[in-house]
Amino acid sequence: VSGQRSISTFFATK
Amino acid sequence: MFEAQMAQAALLKQIIESIRELITEATFEVSGTGMMLQAMDSSHVSLVALNLRSDGFQLFRADRPFSMGMNLNHMAKMLKCAGKDDTLTMRADEANDLVTFLFESPGNERLAEFELKLMDITSENLGIPDAEYSATVSMPSAEFQRIVKDLGSIGDTVEITVTKDDVRFAASGDIGNATIKCRQLLDTEKPEDRTLIEMVEPVNLTFALRYLINFSKATSLAPSVTIKLSTEMPVVVEYKLSDIGYVRFYLAPKIED
């Protein structure tokens with residue numbers, strides 16, 4: 001396991 | 001004009017205490033439906049969503065949608081000054097950049113008024129879709145806190161695996177490895193002592209433990225916690241606030257590059 005994803009890659013900006 | 005009254009100032013104090021290390025500044029959005037807050041931590045790995053419904057307040061009035069940007073550490077400083085059984089009234093209007101917290105003792109013999117300066121906060125608001133999750137685990141919140149704290153002393157990340165029989169939390173580090181397995185437990189005296197596993201399909205995901213440990217600061221807010229998981233999706237850790245709403249924490253998974 002390596003990469004920490006950003007939460008904004010999962011939920012689109014309103 | 002915004003005005004809202006809560007029976008227990010201690011509830012808002014506890015809520016803010018549980019999120020203020022993750023997010024130091026946030027905007028409360030006030031409307032007829034209640035008070036909402038959504039904010040990412042500074043590294044944009046996790047997100048906090050707080051919802052306090054208007055019907056959960058003793059009194060709630062918001063003439064029009066209103067944004068209140070606050071420094072949560074400053075808010076916490078003021079809320080700490082409330083007596084443990086004090087009621088809380090919040091008041092604000094658009095004419096000045098202040099929110100007033102009124103703490104009233106149960107016998108009405110003491111009334112404390114604190115005014116907090118509001119601030120403009122520019123932040124991204126994310127749309128969180130109503131998703132079906134592959135697995136939903138509800139367990140005593142104290143048990144979840146113990147698991148993430150215990151594993152935090154072993155490793156930096158936790159691998160969560162849900163099968164139909166159990167949920168496993170595993171960590172490894174320089175000193176060795178640890179696995180904690182929780183089986184479904186439905187036959188308990190109190191419903192909040194249950195461990196309930198609803199699985200559509202098995203999941204296996206890895207998360208940074210320090211965030212989960214941070215989320216578990218909300219343990220005192222609810223006897224039970226709900227963890228929702230789907231492959232390659234952020235985990236949702238939800239604490240229901242009885243009769244008023246919820247605090248949800250979202251954490252992006254670690255994914256192999």
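First the proteins, then the strands, lettered A, B, ... as listed; each starts at 1.
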Where along residues 18-43 of chain B does a heavy atom come under 4.5 Å of chain A, listed by residue number? B:M40
Do the side chain of A:Q4 and the main chain of B:A252 share a donor and acceptor less than 3.5 angstrom apart? yes
Mark yes or no for whether A:S6, through its side chain, and B:H44, through its backbone, hold a donor-acceptor pair below 3.5 Å. yes
Evaluate the side-chain proximity of B:L251 to A:I7: yes if any heavy-atom separation is below 4.5 Å, no if none is. no
Enclosure of B:E94 CD (heavy-atom neighbours >12, cutoff 6.0 Å): yes
With a 6.0 Å cut-off on the ring centroids, do B:Y250 and A:F11 count as close? yes
Given heavy-atom pairs under 4.5 angstrom as the criterion, report whether the side chain, backbone, both or neither of B:E159 touches chain A. neither
Which atom of B:M233 lies closest to which atom of A:F10, heavy atoms considered: SD-CD2, 4.0 Å
More than 12 heavy atoms from other groups under 6.0 Å of CG on B:D156: no
Taking heavy atoms only and a threshold strictly under 4.5 Å, list by residue number the residues of residues 127-145 of chain B that touch chain A; give 'none' if the list is empty. B:G127, B:I128, B:P129
Given the options B:L47, B:N125, B:L126, which has more heavy-atom pairs under 4.5 Å with chain A than any of the others? B:L126
